[in-house]
Visitor: 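Provided herewith is a single structure, encoded as structure tokens, for subsequent inquiry.
Here the structure is a predicted model, which is why all the values come from computation and not from measurement.
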Amino acid sequence: MTDSERKERVDRLERYRVLEDETTDPLAAGLLHDIVEELEAELEAIAATAALMLGR
């Protein structure tokens with residue numbers, strides 16, 4: 001993953017966090033929360049993979 005792709009994913013995560021904080025609809029907030037968790041997990045997995053590759 002390139003730095004620009006990583007930045008794009010981080011930016012997307014931040015946008016969803018803002019939407020989650022601003023929404024007043026409980027269903028929408030729950031769905032946005034799930035999306036935020038998935039994006040966070042994805043970024044953590046990418047970081048772990050990169051760390052493993054650098055350690056080789």
Visitor: Got a sec: does the CG of D3 have more than 12 other heavy atoms crowding it under 6.0 Å?
Guide: no

Visitor: Not counting sequence neighbours, list each pair that qualifies as a side chain to side chain donor-acceptor pair (under 3.5 Å) and has a residue in residues 12-22.
Guide: E14-R17, R17-E40, E20-H33

Visitor: Which residue pairs satisfy the side chain to side chain donor-acceptor pair (under 3.5 Å) criterion with at least one member in residues 44-55, sequence neighbours excluded?
Guide: none

Visitor: Are V36 and L31 connected into the same hydrophobic cluster when the rule is that any two of I, L, V, M, F, W, Y join if their side-chain heavy atoms are below 4.5 Å apart?
Guide: no

Visitor: Are V10 and L32 linked, directly or through intermediate hydrophobic residues, by side-chain heavy-atom contacts shorter than 4.5 Å (ILVMFWY only)?
Guide: yes

Visitor: With sequence neighbours excluded, what pairs up with T2 under the side-chain contact (heavy atoms from CB on, under 4.5 Å) test?
Guide: S4, E5

Visitor: Could you note down all residue pairs passing side chain to side chain donor-acceptor pair (under 3.5 Å) where residues 23-32 supplies at least one of them, sequence neighbours left out?
Guide: none

Visitor: So, using salt bridge (Lys or Arg N to Asp or Glu O under 4.0 Å) as the criterion, who are the partners of E42 when residues are at least two apart?
Guide: R9

